[in-house]
Amino acid sequence: MDFRDKRVVITGGSGGIGSGLVRSFCKSGAKVAFSYFRSCDCALALEEEVRTTGGSAKGFQLDVSDVAQVEAALAPIKNYLAGPVDILINNAGIVKDGLLLNIPHQNWLDVINTNLNGLFFVSRLFIADLFEIKRGSIINISSVCGLKGLPGQINYSASKAGVIGLTKSLAKELMPFNITVNAVAPGFIDTDMTRNMSKRQITARISEIPAKRLGTVEEVVGAVEFLASDKARYITGQVLAVDGGYTA
């Protein structure tokens, strides 16, 4: 994909899928601002990696669940990008699993606040840029858990289902302004999150996937780049599952 001269904002840019998105969009010519929560060393390493390959990316430490932090980050991000945002990718998310009967109240709030409220805060802030240029794309990272609930993930599944609902509603609000809004729902992807699962858990999940393997970060990135490209200008309000047939 060619994203030369495009300005891209990616939340949660230092993790597995997030860093893959940063690398790929920079390789395609975009100027990228990405947020990260705590992993300052990872963010600096990613900036340097992109720089050595001729790309342009800068990380901004940000808790997307804190509306005051989101609002404070707007000016420095826009100063770095030196122009309106063309593409917004809401990727920031956390997992704090637990069954309904024993999940701590705070774990429920933390996941909803980051995965859903954070997406709302960030999107509302950058939509003004998309209105200004009367074009653009928002891609929200949901999950197959938002399409097919899993036991022990009631907070995560609820937040990611909420992302899908928000995506569909916002798509109808923004398409008259030539702004597309879509979601990508990754399945079980080979990242640190799945590597922290036990071998038994991974084997059980793979047995449920028609493709009989975990997905790759590159496969998720490819779906996001397509939805952000001019080839997808007539696609909005959709959820593209990248899951090897898990939710088919």
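- Side-chain heavy atoms closer than 4.5 Å link hydrophobic residues (I, L, V, M, F, W, Y) into clusters, and following such links, possibly through other members, connects Val122 to Leu119.
- Considering only heavy atoms from C-beta on, Ile87 comes within 4.5 Å of Ile139 through its side chain.
- Note: the hydrophobic cluster containing Ile127 also contains Val67 (ILVMFWY, side chain heavy atoms under 4.5 Å, direct or indirect links).
- With rounding to the nearest 0.5 angstrom, the CG atom of Leu109 is 10.0 Å from the NZ atom of Lys96.
- Under the 4.5 Å side-chain heavy-atom criterion for ILVMFWY residues, no single connected hydrophobic cluster contains both Val220 and Val144.
- Contact of the Leu227 side chain with the Thr180 side chain is not registered, since no non-hydrogen atoms from C-beta on lie closer than 4.5 Å.
- The two residues Thr216 and Glu219 make their nearest non-hydrogen contact at N-OE1, 2.9 Å.
- The shortest distance between side-chain heavy atoms of Ile189 and Leu214 does not fall below 4.5 Å.
- Ser24 pairs with exactly one of Val217, Val224, Val221 by the side-chain contact (heavy atoms from CB on, under 4.5 Å) rule, that one being Val221.
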Candidate pair Thr167 and Asn140, rule side chain to side chain donor-acceptor pair (under 3.5 Å), full reasoning:
CA-CA 7 Å; Thr167 297; Asn140 299 321; 2.9 Å; yes
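- Going from atom OG of Ser157 over to atom NZ of Lys148 covers 11.5 Å, rounded to the nearest 0.5 Å.
- Qualifying side-chain contact (heavy atoms from CB on, under 4.5 Å) partners for Ala211, counting only residues two or more places apart in sequence or in other chains: Ile209, Arg213.
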Using distance only, find each side-chain donor-acceptor pair of residues 238-248 under 3.5 Å and give its atom names and separation, not counting sequence neighbours.
from	atom 1	to	atom 2	distance (Å)
Gln238	NE2	Thr236	O	3.2
Asp243	OD1	Gly245	N	3.0
Asp243	OD2	Thr247	N	2.9
Asp243	OD2	Thr247	OG1	2.5

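- With rounding to the nearest 0.5 Å, the separation of CD in Gln61 from OH in Tyr36 is 4.5 Å.
- Between Leu21 and Ile10, the closest side-chain pair of non-hydrogen atoms falls below 4.5 Å.
- The structure places CG of Asn178 at 10.5 Å from CG of Leu174, a figure rounded to the nearest 0.5 Å.
- Ser229 and Met1 get closest at one heavy-atom pair: CB-SD, 3.8 Å.
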Evaluate side chain to side chain contact (heavy atoms under 4.5 Å, CB included) for Asp63 paired with Phe37, printing each intermediate quantity in order.
CA-CA 6 Å; Asp63 178 358; Phe37 185 31; 3.7 Å; yes
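- Using a 4.5 Å cut-off on side-chain heavy atoms (C-beta onward), Ser123 and Leu88 make contact.
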Pairs under 3.5 angstrom only: tabulate donor-acceptor contacts from the side chains of residues 129-136 to other protein residues two or more places apart or in another chain.
from	atom 1	to	atom 2	distance (Å)
Asp129	OD1	Lys78	NZ	2.7
Asp129	OD2	Val85	N	2.9
Arg135	NH2	Asp86	OD1	3.1

Determine whether Phe126 and Val9 satisfy the following criterion, side chain to side chain contact (heavy atoms under 4.5 Å, CB included), listing intermediate values before the conclusion.
CA-CA 9 Å; Phe126 285 102; Val9 171; 4.1 Å; yes
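- Other members of the cluster containing Leu101 do not exist, because no ILVMFWY side chain is joined to it at under 4.5 Å.
- For the atom pair Arg51 CZ and Cys26 SG, the distance stands at 10.5 Å (nearest 0.5 Å).
- For Gly13 against Val22, the heavy-atom pair with the smallest separation is O-CG2, 3.7 Å.
- Under the 4.5 angstrom side-chain criterion for Ile, Leu, Val, Met, Phe, Trp and Tyr, Tyr234 has no cluster partners at all.
- The local environment of CG in Asn79 is crowded, with over 12 non-hydrogen atoms from other residues, nucleotides or ligands closer than 6.0 Å.
- The salt bridge (Lys or Arg N to Asp or Glu O under 4.0 Å) analysis of residues 31-42, with sequence neighbours excluded, yields no pairs.
- By the side-chain contact (heavy atoms from CB on, under 4.5 Å) test, Phe60 is found to be paired with Ala33, Lys58, Pro76, Ile77, Tyr80, residues two or more places apart in sequence or in another chain being considered.
- Side chains of Asn91 and Thr11: no donor on one and acceptor on the other come within 3.5 Å.
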Under the side chain to side chain donor-acceptor pair (under 3.5 Å) criterion, do Ser65 and Asn113 qualify, and how do the steps go?
CA-CA 5 Å; Ser65 70; Asn113 285 338; 5.8 Å; no
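- Under the 3.5 Å distance criterion, with hydrogens and angles disregarded, a donor-acceptor pair is assigned to the side chains of Gln153 and Asp97.
- With sequence neighbours left out, the side-chain contact (heavy atoms from CB on, under 4.5 Å) criterion links Leu125 to Val70, Glu71, Leu74.
- Checked against side chain to side chain donor-acceptor pair (under 3.5 Å), Ser14 has the following partners two or more places apart in sequence or in another chain: Ser39.
- Residues passing the side chain to side chain donor-acceptor pair (under 3.5 Å) test with Lys172, sequence neighbours excluded: none.
- In this structure, the side-chain contact (heavy atoms from CB on, under 4.5 Å) partners of Ser19, at least two apart in sequence or on a different chain, are Arg23, Leu46.
- Inter-residue side-chain proximity for Ile94 and Asp110 is flagged as met; some heavy-atom pair is nearer than 4.5 Å.
- Residues meeting the side chain to side chain donor-acceptor pair (under 3.5 Å) test with Thr191, sequence neighbours left out: none.
- The minimum heavy-atom distance linking Ser143 with Lys160 is given by the pair CB-CG, 3.7 Å.
- Side-chain N or O atoms of Ser207 include one that pairs as donor or acceptor with a backbone N or O of Ala204 at under 3.5 Å.
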Could you go through Asn115 and Tyr156, starting from their C-alpha distance and side-chain angles, then the distance that decides it, and tell me whether this counts as side chain to side chain contact (heavy atoms under 4.5 Å, CB included)?
CA-CA 8 Å; Asn115 297 2; Tyr156 188 73; 3.5 Å; yes
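- The environment of NZ in Lys212 is crowded: more than 12 heavy-atom neighbours from other residues, nucleotides or ligands sit within 6.0 Å.
- In this structure, Ser137 and Arg233 have side chains that are in contact, with non-hydrogen atoms separated by less than 4.5 Å.
- Side-chain N or O atoms of Ser142 include none that pairs as donor or acceptor with a backbone N or O of Ala183 at under 3.5 Å.
- Residues Phe188 and Ile141 fall into different hydrophobic clusters, defined by Ile, Leu, Val, Met, Phe, Trp and Tyr side chains chained together at heavy-atom separations under 4.5 Å.
- Contact detail for Leu99 and Pro151: the closest heavy-atom pair is CD2-C, 4.5 Å.
- To the nearest 0.5 Å, atoms CG (Leu116) and CG (Asn155) are separated by 12.0 Å.
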Side chain to side chain contact (heavy atoms under 4.5 Å, CB included) assessment of Ile138 paired with Leu170
CA-CA 10 Å; Ile138 299 174; Leu170 190 58; 4.2 Å; yes
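- Hydrophobic clustering, with ILVMFWY side chains joined whenever heavy atoms are under 4.5 angstrom apart, keeps Leu166 apart from Met175.
- For the pair Pro186 and Val184, the tightest heavy-atom approach, listed with the atom from each and the gap, is CD-O, 3.2 Å.
- Inter-residue side-chain proximity for Asp66 and Phe121 is flagged as unmet; no heavy-atom pair is nearer than 4.5 Å.
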